[in-house]
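Written out below as structure tokens is the structure these notes cover.
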Amino acid sequence: MTDAAEASLLEAVAQSMPRGASVGVAVSGGGDSMALLDLVSRSAGSRGWGVRAATVDHGLRPEAADEARMVAQHCADLGIPHETLVWRDPPSEGNLQDRARRARRRLLTAWARREGIGHVALGHTEDDLAETFLMRLSREAGLDGLSAMRADWQEEDVCWHRPLLAASREALRDYLRVRALHWVEDPSNDDPAFARVRARSILGHLQPLGLTGATLASVARNLGDARAALARHAAEAAERIARVEGGDVVFGADALRALPAETRRRLLIAALRWVSGAEYPPREAALDALWAAVGDHRDHTLSGCLVLAGGDVVRVTREAAASRGVEGPTDACWDGRWRLDGPHAPDLRIAALGEEGLRHCPDWRESGVPRASLRASPAVWRGADLVAAPLAGLSAGWSAQLAGGRDHFASYLLSH
Ligand SMILES: Nc1ncnc2c1ncn2[C@@H]1O[C@H](COP(=O)(O)OP(=O)(O)OP(=O)(O)O)[C@@H](O)[C@H]1O
């Protein structure tokens, strides 16, 4: 590794997060994140960062605990506080990799909040970009799927960063060798049962065409720029034609119809995900069916949402059936997006208002929110007795707010 190459890695990491930040590094013990840890640690002094690190032990491989201990020891040598986060309930079935990734993100988010960490760095590389691109091609992905993963994004109070997206895996290993640092090789990195491993091996065969990891990563970045432009365009359209009302997204129907199909598609997908909290967009065929129903002024359910299309607005609301049975304490976020304020008490619960609850809200019409929306709205219950339904005009000292900056639909389009 040349001095210039090392300097450019250091510069990329140093510039990725703000001065004085409280920084968390997600370290698996593999080469990418061990290099990231070292680069963050070397930048910390000049950038005024307070640095912490965490390793997630998914409990899926017997060696994982040893790997976490190796990272912990290395952090202790660097004077960086380290925590091992254990996934206590790995499932026995389903897409284990996907679930492990989501559990990892959840555990890291909780850790960041607990420790007051505002910025978490991940060690994804240019090779990850290229492999993901190839894998998505095989799934006939569109622009969004083929676009480069984001270098930075904010989720509620945590900013995530991938400062090494322009670095190759090999360059990071060179860096570690020069610095005489160790890392662990995850045996699953060679297991052809994983699509990522197959993508990596195929990438080697594409070289004669001039298709290297760097080329594919660059294509993914170009597409990412196009995606960002379309998302900005959709956000501007949302500012003009969408409003948030009672937790629903409401579009002017004519204005929605008049939009270019791609912009409309983005608005509908975002509204469905914003209301339901769904992690993934619906399939294109399901979206086409929704749009056909809207064209016929028929109501339609999709992704845990009910889309009301009978009048001169198109209203995306939570589907009552999807929120039925969702229950929780009054001081926690309900249905992934509501927070209630009021006289909290341990014998109170939040659950959907439902048709039965709505009967006890004589003033619900004054809210201006349709019945179907209110049925899925949060209500405070003591056993079977309704205590409050803030969105349906029965406040009894309670109010409801959308949680985590969710009140601004247009900015959601830029961040998702
Ligand atoms: N067990 C772990 N503990 C802590 N951080 C991890 C762990 N596994 C992965 N990471 C972090 O995530 C980065 C990317 O690793 P990997 O590609 O395996 O993750 P991923 O979240 O599954 O990403 P992708 O969506 O690309 O599959 C690592 O460089 C590291 O920063």
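Indexing begins at 1, ligand by ligand and atom by atom, following the structure's order.
- Under a cutoff of 6.0 Å and an axis angle of 45°, Arg52 and Trp111 do not form a cation-pi pair.
- The closest donor-acceptor contact from the side chain of Asp335 to the backbone of Ser323 lies at 3.5 Å or more, if one exists at all.
- The proximity of Val25 to ligand 1, defined as any non-hydrogen pair under 4.0 Å, does not occur for either the backbone or the side chain.
- Distance alone, capped at 3.5 Å, is enough to place a donor-acceptor pair between the Arg337 side chain and the Gly247 backbone.
- Below 30°, between 30° and 60°, or above 60°: for Trp274 and Phe409 the angle between ring planes is above 60°, a perpendicular geometry.
- In terms of protein heavy atoms, atom 12 (O) of ligand 1 is closest to Leu122 CD2, 3.9 Å.
- Taking 4.0 Å as the cut-off between side-chain N and carboxylate O, Asp157 and Arg113 count as a salt-bridged pair.
- Under a 4.0 Å N-O distance rule, the pair Arg173/Asp32 qualifies as a salt bridge.
- Inclusion of Thr55 in the set of residues having an N or O under 3.5 Å from an N or O of ligand 1 is not warranted.
- Backbone and side-chain nitrogen or oxygen atoms of Ala26 are examined, and one is located within less than 3.5 angstrom of a nitrogen or oxygen of ligand 1.
- Closest heavy-atom approach to atom 2 (C) of ligand 1 among the candidates Gly30, Ser28, Ser188: Ser28.
- Distances shorter than 4.0 angstrom do not occur between any heavy atom of Arg162 and any atom of ligand 1.
- Considering only non-hydrogen protein atoms, atom 14 (C) of ligand 1 sits nearest to His124 NE2, 3.3 Å.
- Other residues, nucleotides and ligands contribute over 12 non-hydrogen atoms within 6.0 Å of the CG atom of Asp347.
- Residue contacts with ligand 1 for Ala54 involve N, CA, C or O but no side-chain atom from C-beta outward (heavy atoms, distance under 4.0 Å).
- Arg382 places no side-chain N or O within 3.5 Å of a backbone atom of Val387 that could act as its donor or acceptor partner.
- When hydrogens are left out, the protein atom nearest atom 24 (P) of ligand 1 is Arg101 NE, 3.6 Å; that is the closest non-hydrogen contact.
- The shortest N/O to N/O separation between Leu36 and ligand 1 does not fall below 3.5 Å.
- Contact check for Arg196 versus Thr132: side-chain heavy atoms found under the 4.5 Å cut-off.
- Between Arg104 and ligand 1, at least one N/O pair is under 3.5 Å apart.
- Under the 4.0 angstrom criterion for non-hydrogen atoms, Gln97 is not in contact with ligand 1.
- For ligand 1 and Ser33, the ligand atoms under 4.0 Å from any heavy atom of the residue are 29 (O), 30 (C), 31 (O).
- Remark: ligand 1 atoms within the under-4.0 Å shell around heavy atoms of Gly123 are 13 (C), 28 (C), 29 (O), 30 (C), 31 (O).
- Counting only heavy atoms of the protein, atom 3 (N) of ligand 1 lies nearest to Val56 N, 2.8 Å.
- Interface of Arg105 with ligand 1, defined as ligand atoms under 4.0 Å from a residue heavy atom, comprises 21 (O).
- A salt bridge links Glu262 with Arg265: the distance from a Lys NZ or Arg NE/NH1/NH2 to an Asp or Glu carboxylate oxygen falls below 4.0 Å.
- Heavy-atom separations between Thr132 and ligand 1 are all 4.0 Å or longer.
- Taking every heavy atom of Arg196 and a limit of under 4.0 angstrom, the matching atoms of ligand 1 come to 26 (O), 27 (O).
- Side chains of Pro370 and Leu308 form a contact here, defined as non-hydrogen atoms less than 4.5 Å apart.
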